[in-house]
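Below is one structure; the comments refer to it alone.
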Amino acid sequence: MRSLCLLVFAASAFAADRFPVDWPKLDRELLENYSNLIRIDTSNPPGNETKAVNYIKPIFDREGIPYQVFSLDANRANIVARLKGAGSKRPVIVMGHTDVVGVQRDRWTVDPFSALRKDGYIWGRGTQDDKDNLTTGVMLMVTLKRMNIPLDRDVIFIAEAGEEGTSSVGIEFLVKQHWDAIGGDKGGAEFALAEGGGGEARNGKVRFLNISTTEKVPRSTRLIAHGTAGHGSVPRLDNPVTHLAQAVGKLGNWEPPMRLNDTTRTYFERLATISTPAEADRYNHIADPQRSAAIQKYFAERELTHYSMLRTSVVPTIIKAGFRSNVIPSEAEATIDVRALPGEDMPKFYAEMRRVIADPEVEIVTGNAETQRPASPPSRLDSEMFRAIESVTSQLYPGAVTLPSMLTGATDMAQLRAKGVEAYGIGPAIEEKDRNIGGAHSDDEREEESKLYGFMHFLWDVVTDVAAKK
Ligand SMILES: [Zn+2]
């Protein structure tokens, strides 16, 4: 497929053609470093990401790539490398995280830290999340340096600690205390590429590539019902358990209004082009006032992620009330996992929530803004970076569609977008049949070897397209 692409596009001046990469050699080194990084156990907690940084440092030393190490905690270092460009355009950041989530070893059929190579896959914790983005980023820097590619922009590589729930030692620390190093001068980096996207293939042929351009904003919220303590034998009208249960029930059944943004509108339009006629009909009519309610109901039952993409979601997750069967407590508490659409007016949203609960005995306690991920508008679909991604996708995967997407979960791109960086989530493709097995955070996490190589090629083509001298 690769040679066919080159033949077809030989006449045009694609970056891929300008820089003849020795792919078999690059793939060999990529696999070796990827496997070695998987073998370094960086389960978070505790993380111990410095071990991964100590693996990456000598690679950059050997190649003469300048870097800096920043640590808030000595065991949890971050490494930032930079290749200088002419400065005619603002820098591009390529980011991967070094930590992984823990494992339940007895649920794995292989050693999760052995990087076993079997049946065309590499097995192990972090193979999909996020040591693929991490290692391809390292190899991108190595290859740019070795080939001495002239750059218009600085290319900045960040290997960050703490993505899995402890951003305070990673992206937050870097953005707050070392913005000059990671963002650069002249208004900072223009673009960033990190985890959060990926393609889907059927029998090796990639059909679409999700590129996340935005994400929902976690706004964890608590409900506290207040009442008077008393004996369980005497019913009370202000029993907080009853009040809380009613409030939770109302919120759980509440459907906040649907709202599309540029990303989700384009997502559904483009998804329709590669879907069955019945699916396409739903995707094309989601905003149709005559049809929307029925389609939303279908999504709520059958396509849960699509349902979540339509609105700020309100999901009760924890209830804490009472301590013995014959005591009415004076307080009862519930946690509501609120995931806001980018641009949601939160004070207004909470006022609406109060109206739905309609109970003065139930207080809504919002989270501390300081410790929450910042909200920011979606990254643009008409930027040089997004256009490069679309063009590389159609070269490498003829017939595949680029789908801008909104993640329902949160990533460290939130902090970069809040600094004005246009950030795009990318990743390798997976086979359709593997969609529900061996994924990020799951037992027997694994990545198909050929897809890792395909992703390296994709990353190379995209970055050289936007950063190499034109
Ligand atoms: Zn991750």
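In this text, all values refer to a predicted model and were calculated from it rather than measured experimentally. Numbering of ligands and ligand atoms starts at 1, following listing order.
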From CA spacing to verdict: side chain to side chain contact (heavy atoms under 4.5 Å, CB included), Tyr283, His306 = CA-CA 10 Å; Tyr283 302 146; His306 286 159; 3.6 Å; yes
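Among the backbone and side-chain atoms of Asp129, an N/O/S atom is found under 2.8 Å from the Zn ion (ligand 1). In summary, no N, O or S atom of Glu164 is located under 2.8 Å from the Zn ion (ligand 1).
A donor and an acceptor atom, one from each side chain of Arg417 and Ser379, are located under 3.5 Å apart. No side-chain donor-acceptor contact under 3.5 Å links Tyr307 and Ser313.
Among Ile122, Ile437, Asp434, the single residue meeting the side chain to side chain contact (heavy atoms under 4.5 Å, CB included) criterion with Arg446 is Ile437.
With the Zn ion (ligand 1) as the vertex, atom NE2 of His97 and atom OE1 of Glu195 span an angle of 100° (nearest 10 degrees).
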